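As structure tokens, the structure follows; a few thoughts come after it.
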Amino acid sequence: MKLLVEFSYLQMLDVLTTVAFLMQGVVEANPIVNWAMDAGPNPVFGLVALKFAAFGLALVCITQSRHKLLQRVNVFFAVLVAWNLLALIMASPVFQG
């Protein structure tokens, strides 16, 4: 259950950092996420729908006892969120001199 809570939290942080990037005019680099945002009635709806699908896959990992896989996915998203936050901070006017 802990892995699923961590996964959900990291997905929520990923949504928030993605929305922050979009607000800064950055284009989504992941083609699947980009497609989902274009397919929905608005980008955030498409992004959230994709995250619900990802949550479904995480549930499959839990029910199939694929805990190591979910743990690796969590590490990947933790690094991704940290990278996104660093990029947002570095793009701020404070660091633009």
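This is a predicted model, so every value here is computed, not measured.
Between atom CG of residue L13 and atom OG1 of residue T18 there is a gap of 10.5 Å, rounded to the nearest 0.5 Å. Atom CH2 of residue W83 and atom CE of residue M90 lie 10.0 Å apart, to the nearest 0.5 angstrom. Between the NZ atom in K2 and the NE2 atom in H67 there is a gap of 12.5 Å [rounded to 0.5 Å]. The CG atom of L50 sits 8.5 Å away from the CD atom of Q11 when rounded to the nearest 0.5 Å.
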Donor-acceptor list for residues 20-49 side chains, cut-off 3.5 Å, not counting sequence neighbours:
{"unit_1": "E28", "atom_1": "OE2", "unit_2": "N30", "atom_2": "N", "d": "3.0"}
{"unit_1": "N30", "atom_1": "OD1", "unit_2": "I32", "atom_2": "N", "d": "2.8"}
{"unit_1": "N30", "atom_1": "OD1", "unit_2": "V33", "atom_2": "N", "d": "3.4"}
{"unit_1": "N42", "atom_1": "OD1", "unit_2": "V44", "atom_2": "N", "d": "3.1"}
{"unit_1": "N42", "atom_1": "OD1", "unit_2": "F45", "atom_2": "N", "d": "2.8"}

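Hydrophobic clustering places V73 together with L3 (ILVMFWY residues linked when any side-chain heavy atoms are closer than 4.5 Å, directly or through intermediates). V75 and L85 fall into different hydrophobic clusters, where Ile, Leu, Val, Met, Phe, Trp and Tyr are joined by side-chain heavy atoms under 4.5 Å apart, directly or via other members. Clustering ILVMFWY residues whenever any of their side-chain heavy atoms sit less than 4.5 angstrom apart, transitively, puts F76 in the very cluster that holds L10. In this structure, L57 is not a member of the same hydrophobic cluster as L69, with clusters built from ILVMFWY side-chain heavy atoms closer than 4.5 Å. Linking ILVMFWY side-chain heavy atoms closer than 4.5 Å, directly or via other members, places L59 and L70 in a single hydrophobic cluster.
Screening residues 68-90 for salt bridge (charged side-chain N to carboxylate O under 4.0 Å, His left out) gives no qualifying pairs among residues at least two apart or on separate chains.
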What verdict does the side chain to side chain contact (heavy atoms under 4.5 Å, CB included) test give for Y9 and E6, after you've listed the backbone C-alpha separation in whole Å, the side-chain angles of each residue and the deciding distance to 0.1 Å?
CA-CA 5 Å; Y9 180 70; E6 289 172 357; 5.7 Å; no
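In this structure, D14 contributes its side chain and F77 its backbone to no donor-acceptor pair below 3.5 Å.
When all heavy atoms are compared, the tightest approach of T17 to L88 is O-CD1, 4.3 Å.
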